[in-house]
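Read the numbers this way: they start at 1 and go in the same order the structure lists the ligands and their atoms. Both backbone and side-chain heavy atoms feed into the values below; hydrogens, waters and symmetry mates do not. If you're wondering where the values come from, they're calculated on a predicted model, not measured in any experiment.
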Amino acid sequence: MLTDRLPRIALGFFPTPLEEMPRLTQALGGPRLFIKRDDQTGLATGGNKTRKLEFAVADALRQGADTLITVGGVQSNHCRQTAAAAARCALRCIVVLRGHAPAAWNGNVLLDHLLGAQLVFSGNRTREQVAEEVAREEQAAGRHPVIIPVGASNEVGAVGFVAAMEELDSQLAERRLRVDRVVFASSSFGTQAGLCVGAKAVGFTGQLAAIAIDSQRSEVQMGVAEIATPTIRRLGLELELRPDEVVAYDGYLGAGYAIMGEPEREAISLVARTEGILLDPVYTGRAMAGLIDLVRNGEFGKEETIVFWHTGGSAALFAYADQLRAGVTHELLSSSSPPMEGQK
Ligand SMILES: Cc1ncc(COP(=O)(O)O)c(C=O)c1O
């Protein structure tokens with residue numbers, strides 16, 4: 001394997017399943033859709049960060065870490081998985097979350113707390129400034145903190161998605177499947193950088209089509225190339241990834257990061273009701289909404305075979321309960337009939 005030389009610890013169940021989605025395919029009238037279930041990595045409700053953390057935490061342990069510090073939004077899936085990884089490795093964990101303590105402790109922020117992480121809110125300062133300050137305090141107390149960057153999106157974490165691409169490639173070969181595109185959410189670019197490097201390394205010929213969650217296309221292209229270059233070096237590969245080779249659709253930014261709109265709600269509901277699979281309001285809901293729109297507007301052909309990479313995040317659904325329920329309640333009310341005689 002491409003990543004064999006690098007330190008790695010086991011945190012998840014791999015390979016994650018690759019499943020067909022026949023009912024969603026039918027609902028859209030094609031293309032043929034598959035889903036790569038990284039929501040099933042097994043680490044405290046799973047997600048894509050498990051793959052990156054297998055390498056990032058191993059690297060921190062190699063540096064002698066006794067404390068992991070990382071940063072994210074209040075509903076960060078990355079922080080929740082880092083907290084779980086720290087618990088498994090008997091490390092302390094401090095997560096620095098953007099802004100102020102929320103009014104309701106649910107979803108990922110509740111899980112951070114249950115998993116034993118210490119929570120620090122950055123207030124009006126940047127999360128990175130606060131994380132550096134926390135690291136200095138830890139050092140002053142005689143501890144050995146290591147900061148894992150947002151999303152574990154650097155060359156240390158991104159190799160997890162190089163291994164992931166190898167994993168998908170061998171699943172496709174086993175099933176003799178040829179795939180036209182792989183569609184996924186991209187935000188801090190580490191997932192995409194790893195997939196792009198892995199694709200080149202294994203000779204995957206399908207398109208890697210990112211749905212940008214919170215950046216313009218040019219930012220995604222630069223950000224992915226910036227992580228890919230040191231990732232290639234770290235793996236000792238003879239490759240190059242230019243920004244113009246990076247594919248990103250930036251037409252689905254909606255009202256901004258973590259603001260769920262009607263397209264995300266429709267995508268979450270459609271996938272739940274056709275396939276019994278839970279997406280999330282911030283990343284996979286938006287990425288699936290993008291995929292659905294690109295199918296409807298003809299950019300993705302109905303004769304294609306497409307893999308949607310489920311990167312996790314369903315724990316955040318509960319933080320959006322009121323908005324999600326608003327739509328559901330409406331549908332239930334409009335289709336409900338009066339209770340039958342004797343029905344409780
Ligand atoms: C559920 C989920 N999907 C996708 C992403 C995007 O991954 P990346 O930050 O590596 O682009 C994240 C993290 O930000 C996430 O939590």
Side-chain angles (χ1 to χ4, degrees), residues 12 16 35-41 43-53 55-56 70-84 95 97-98 107-109 111-112 127 148-162 164-165 182-198 208-215 219-228 231 246-250 252-253 257-258 260 264 267-268 271 277-291 308-317 319-320:
T16 56
I35 187 163
K36 178 74 173 143
R37 300 294 304 271
D38 275 15
D39 57 320
Q40 301 293 318
T41 61
L43 185 66
T45 76
N48 62 337
K49 301 309 181 307
T50 310
R51 293 188 184 271
K52 299 175 178 184
L53 288 166
F55 292 92
T70 198
V71 301
V74 171
Q75 282 301 328
S76 167
N77 300 301
H78 162 69
C79 287
R80 181 246 312 152
Q81 285 166 93
T82 305
V95 298
L97 304 176
R98 187 191 291 119
N108 283 306
V109 74
L111 299 185
D112 293 344
R127 296 169 300 189
I148 295 178
V150 66
S153 281
N154 59 7
E155 67 276 22
V156 181
V159 298
F161 268 89
V162 176
M165 193 66 224
V182 177
V183 178
F184 53 93
S186 188
S187 177
S188 66
F189 317 134
T191 298
Q192 192 171 3
L195 289 177
C196 287
V197 172
L208 296 177
I211 306 298
I213 299 303
D214 53 353
S215 315
E219 287 173 71
V220 177
Q221 291 178 313
M222 289 306 297
V224 170
E226 269 168 29
I227 299 174
T231 304
V246 174
V247 179
Y249 290 89
D250 64 359
Y252 305 100
L253 305 177
Y257 176 74
M260 186 178 63
E264 289 85 12
I268 291 168
V271 175
I277 292 174
L278 300 173
L279 301 178
D280 83 282
V282 182
Y283 300 97
T284 54
R286 184 162 286 183
M288 181 58 83
L291 188 156
F308 179 79
W309 205 302
H310 192 331
T311 45
S314 61
L317 283 171
Y320 289 76

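- When non-hydrogen atoms are compared, ligand 1 lies under 4.0 Å from neither the backbone nor the side chain of Phe184.
- Annotation: atom 13 (C) of ligand 1 to nearest protein heavy atom, Lys49 NZ, 2.3 Å.
- Neither the backbone nor the side chain of Ala287 comes within 4.0 Å of ligand 1, counting heavy atoms alone.
- In terms of polar-atom proximity, defined here as any N/O pair under 3.5 Å, Gly151 makes no such contact with ligand 1.
- Residue-to-ligand polar distances place Ser188 within reach of ligand 1: an N/O pair is separated by less than 3.5 Å.
- At under 3.5 Å, not a single nitrogen or oxygen of Gln192, backbone or side chain, sits near a nitrogen or oxygen of ligand 1.
- Formation of a donor-acceptor pair under 3.5 Å by the Arg98 side chain with backbone atoms of Gly72 is not found in this model.
- Looking only at distances, a side-chain donor or acceptor of Lys52 sits under 3.5 Å from a matching main-chain atom of Gly151.
- The residue Val282 has no part lying near ligand 1, judged by heavy-atom distances below 4.0 Å.
- For ligand 1, one of its N or O atoms has an N or O atom of Thr311 under 3.5 Å away.
- The shortest N/O to N/O separation between Lys52 and ligand 1 falls below 3.5 Å.
- In this structure a side-chain-to-backbone donor-acceptor pair under 3.5 Å is present from Gln75 to Asn108.
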